[in-house]
Amino acid sequence: MVKICCIGAGYVGGSTMAVIALKCPAIEVVVVDISKPRIEAWNSDQLPIYEPGLDDVVKQCRRRNLFFSTDVEKHVKEADIIFVSVNTPTKSRGLVAGKAADLTYWESAARMIADVSKSDKIVVEKSTVPGINYQILSNPELLAEGTAIEDLFKPDRGWKAVQALKDMYAHWVPEDRILTTNLWSAELSKLAANAFLAQRISSVNAISALCEATGANVCEVAYAIGKDLRIGPKFLNASVGFGGSCFQKDILNLVYISECNGLPEVANYWKQVIKINDYQKSWFVNRAVSSMFNTVAGKKIAVLGFAFKKDIGDTRETPAIDVCKGLLGDKAQISIYDPQVTEDQIQRDQQPTSPSAVKQVSVVWDAYEATKGAHGLCILTEWDEFKTLDYQKIFDNMQKPTFVLDGRNIVDGEKLREIDFIVYSIGKPLDAWLKDMPAVA
Ligand code: UDX
Ligand code: ADP
């Protein structure tokens with residue numbers, strides 16, 4: 001029986017291994033992690049990550065050919081194939097901080113593999129690594145959270161460098177979708193794919209500002225341009241900004257690699273995608289503050305949605321962090337509701353912050369509670385349940401005048417205006433009130 005050990009039981013490791021175990025019953029898959037609570041959660045009914053479809057897959061395979069363990073060294077030693085799915089965030093300090101990937105976790109995993117291995121191994125991992133005695137494959141992760149299980153069932157692409165890996169994927173991926181390239185092509189494909197996707201969002205967001213200025217509707221513009229098959233309709237939703245653990249990190253990596261290769265113009269080109277994303281978040285905060293008489297000091301503001309997109313509980317690089325920071329900077333009292341993100345996580349995401357700012361944030365488990373007595377309500381994640389809230393009831397319990405700032409364009413602005421809300425939707429024609437209270441970026 002082929003044995004796979006995956007180091008790192010996060011979003012990538014957990015979801016990928018669950019699907020491999022499901023699709024390859026003859027392979028034994030063990031996911032290991034240094035975090036005891038994480039492994040305990042994977043072995044419980046409350047999985048550590050929320051991902052539609054994941055519960056079912058884990059239930060089918062767990063303790064059959066899918067195991068979760070903290071005994072890292074034992075399982076690495078026994079494995080034929082080792083996947084390294086540890087976190088590689090952007091470096092936060094030291095040389096090239098804010099640019100290059102932090103390979104601390106990866107390096108320590110690699111050293112441990114070298115120390116404990118007594119037999120030949122195939123090591124599959126996500127970054128570029130120098131290897132002599134091991135066959136190192138670069139198999140970049142291309143999962144979109146929220147549809148990870150669906151993506152793994154039907155991936156657009158797969159990368160491989162040896163037959164073993166190809167055989168494994170061949171259990172459920174058509175052969176013409178398993179691509180084999182050289183290592184740098186694989187790495188750059190992953191970075192470029194994410195940079196292109198993020199660039200589409202920054203492009204449509206840049207157009208949204210122009211729509212507001214001219215009276216166009218960004219949804220109509222996006223629909224029209226998406227009809228051109230060469231452009232296509234996906235990833236054209238204007239928003240308060242993109243988030244997630246990949247887009248910004250991968251663009252920063254692309255920028256860093258470009259700079260290292262003496263290509264500053266290329267680096268600046270991609271940097272602009274991040275700059276527009278930052279601009280979009282601050283533009284949203286400015287709209288909120290300026291519409292409420294240029295100050296939100298002491299005012300309760302409800303924040304609906306904190307995850308970086310719907311159907312997940314992940315907050316990495318979520319635009320909600322910067323929007324809340326902006327509102328807190330103007331001394332607002334914020335009440336946050338998200339169906340999946342825990343209070344602990346939200347409080348951690350506000351760090352580092354002053355003790356007084358902590359008092360300015362409360363986390364509640366109901367949208368009605370969050371909006372009670374609030375002056376404004378900001379929608380920052382496109383959860384379906386926010387489309388069907390009883391907005392009349394919400395309006396009745398809020399201060400007047402009452403503001404909705406829809407950062408995801410999910411509410412029906414006309415209906416809300418009938419109730420008497422003042423509505424701001426990204427890139428849509430502005431209410432007279434907002435025209436009279438211009439935002440300054
Ligand atoms: C992304 C890539 O899609 C995936 O292929 C990659 O390997 C990992 O990174 P993920 O970060 O999980 O996946 O989410 P994705 O669906 O790409 O969304 C990223 C961000 O863009 C979210 O904040 C989302 O709300 C935002 N977004 C997406 C928009 O603002 N508008 C859109 O039209 C689409
Ligand atoms: P991703 O979204 O890329 O999967 P996560 O942060 O969700 O990232 O998961 C990475 C996991 O890797 C974490 O649970 C972390 O504890 C684990 N990890 C980091 N370093 C090691 C290591 N040396 N050995 C085992 N697990 C590790």
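First listed ligand is number 1; within each ligand, the first listed atom is number 1. We're numbering straight along the sequence, starting at 1.
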Quiz item: Would you say L197 has any N or O atom under 3.5 Å from an N or O of ligand 1, going by distance alone?
Solution: no

Practice problem: Would you kindly say whether Q345 and R348 are connected by a side-chain donor-acceptor distance under 3.5 Å? | Solution: yes

Quiz item: Does a donor on one side chain and an acceptor on the other come within less than 3.5 Å for S239 and N237?
Solution: no

May I ask you to identify, for [X], whether its side chain, its backbone, both or neither come under 4.0 Å of ligand 1 on a heavy-atom basis?
X: R408; answer: side chain
X: L236; answer: backbone
X: I201; answer: side chain

Quiz item: Does an N or O anywhere in S245 fall below 3.5 Å from an N or O of ligand 2?
Solution: no

Quiz item: Does any N or O atom in V12 lie less than 3.5 angstrom from one in ligand 2, N or O only?
Solution: yes

Quiz item: With Y223, which residues qualify under ring pair (Phe, Tyr, Trp, His ring centres under 6.0 Å), at least two apart?
Solution: none

Would you list the atom pairs, donor with acceptor, under 3.5 Å between side chains in residues 27-37 and any protein atom, with sequence neighbours excluded?
unit_1 : atom_1 : unit_2 : atom_2 : d
D33    : OD1    : S35    : N      : 2.8
D33    : OD2    : A9     : N      : 2.7
S35    : OG     : R38    : N      : 3.2

Exercise. Determine, considering heavy atoms only, which of K234, Q280, K309 sits nearest to atom 14 (O) of ligand 1.
Key: K309

Quiz item: Evaluating non-hydrogen atoms only, which member of N277, T381, V240, N237 is closest to atom 33 (O) of ligand 1?
Solution: N237

Quiz item: Hey, is K310 one of the residues with a heavy atom under 4.0 angstrom from ligand 1?
Solution: no

Quiz item: Does D56 come within less than 4.0 Å of K59, counting only side-chain N to carboxylate O?
Solution: no

Quiz item: Is R316 near ligand 2, meaning one of its heavy atoms is under 4.0 Å from it?
Solution: yes

